[in-house]
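Side chains are part of it too, since the values below use all heavy atoms of this structure and drop only hydrogens, waters and symmetry mates.
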Amino acid sequence: MDIFANINYELIFTTSTIASLFFAIPIFVSMVVVRYATLAKLIRDSREDMIANKIHFKSIDDYKFHIFKYEKRLSLLKKALSSSLFSGILIIVSVVGVTFNYFLFGVIFFILGLFLIAVSMLLLIWELSVSFEALNEHLDYMKTIKIKFKS
């Protein structure tokens, strides 16, 4: 395999490259978990507010819009979290490979881990864009409501 012949093994394993990723991946996973927890709370609160009749939608389309955005965000966060967690496992396996002098093995798992963390970051960016769409819709609705302020 010519692709592995061009890899600079020393750059990967004699610098802090793996060490940096070893700590960067858990930080990234924590960030995704926080986004998931925030969305989960929003969904639970929305459900409670609907049961208590505190939420009123403009139309069935407005209701469907919100449900679609919640489902989309939840799906994207699930994929991002799974990808980032698996990336962390691959980086650990890579370190084990290097520890036991299986450099090719370590490099393959390191590259796969890099790929998966990149996929996870792209999924998180996509989730953020879906979130921004929903927030813009809320802001547009708030602008249409006429509220009288008492001075």
Quick one: do S46 and H66 satisfy side-chain contact (heavy atoms from CB on, under 4.5 Å)? Show the steps, please.
CA-CA 10 Å; S46 295; H66 283 81; over 6 Å; no

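- Summarising the local packing, CZ of F65 is surrounded by more than 12 heavy atoms from other residues, nucleotides or ligands at distances under 6.0 Å.
- Taken to the nearest 0.5 Å, the CZ atom of R44 stands 9.5 Å off from the CG atom of L39.
- Two different hydrophobic clusters hold L128 and V34 under the rule that ILVMFWY side chains link at heavy-atom gaps under 4.5 Å.
- Remark: V96 engages F100 in a side-chain contact (heavy atoms from CB on, under 4.5 Å) (not counting sequence neighbours).
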Show every donor-acceptor pair shorter than 3.5 Å between a side-chain atom in residues 73-84 and any protein atom, with sequence neighbours excluded, or say none if there are none.
{"unit_1": "R73", "atom_1": "NE", "unit_2": "E127", "atom_2": "OE2", "d": "2.6"}
{"unit_1": "R73", "atom_1": "NH2", "unit_2": "E127", "atom_2": "OE2", "d": "3.1"}
{"unit_1": "S82", "atom_1": "OG", "unit_2": "K78", "atom_2": "O", "d": "2.9"}
{"unit_1": "S83", "atom_1": "OG", "unit_2": "L116", "atom_2": "O", "d": "2.7"}
{"unit_1": "S84", "atom_1": "OG", "unit_2": "A80", "atom_2": "O", "d": "3.0"}
{"unit_1": "S84", "atom_1": "OG", "unit_2": "L81", "atom_2": "O", "d": "3.0"}

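- Under a hydrophobic clustering in which Ile, Leu, Val, Met, Phe, Trp and Tyr are joined whenever their side-chain heavy atoms come within less than 4.5 Å, directly or via other members, V32 and I125 fall into different clusters.
- Annotation: the span from S87 atom OG to F109 atom CZ amounts to 12.5 Å, rounded to 0.5 Å.
- The NZ atom of K64 lies 12.0 Å from the CD atom of E71; values are rounded to the nearest 0.5 Å.
- By the neighbour-count criterion of 12 heavy atoms within 6.0 Å, atom NZ of K58 is densely surrounded, having more than that number from other residues, nucleotides or ligands.
- Rounding to the nearest 0.5 angstrom, the gap separating the CG atom in N136 from the CD atom in E133 is 8.5 Å.
- Going from atom CD1 of I91 over to atom CG of L112 covers 9.5 Å, rounded to the nearest 0.5 Å.
- Between atom CD1 of residue I43 and atom OG1 of residue T38 there is a gap of 11.0 Å, rounded to the nearest 0.5 Å.
- Surrounding CZ of F105 are more than 12 heavy atoms belonging to other residues, nucleotides or ligands, all under 6.0 Å away.
- F28 and L122 are not part of a single hydrophobic cluster, where members link through side-chain heavy atoms under 4.5 Å apart.
- In this structure a side-chain-to-backbone donor-acceptor pair under 3.5 Å is missing from S94 to L90.
- Linking Ile, Leu, Val, Met, Phe, Trp and Tyr whenever their side-chain heavy atoms come within less than 4.5 Å leaves F68 and Y70 in two separate clusters.
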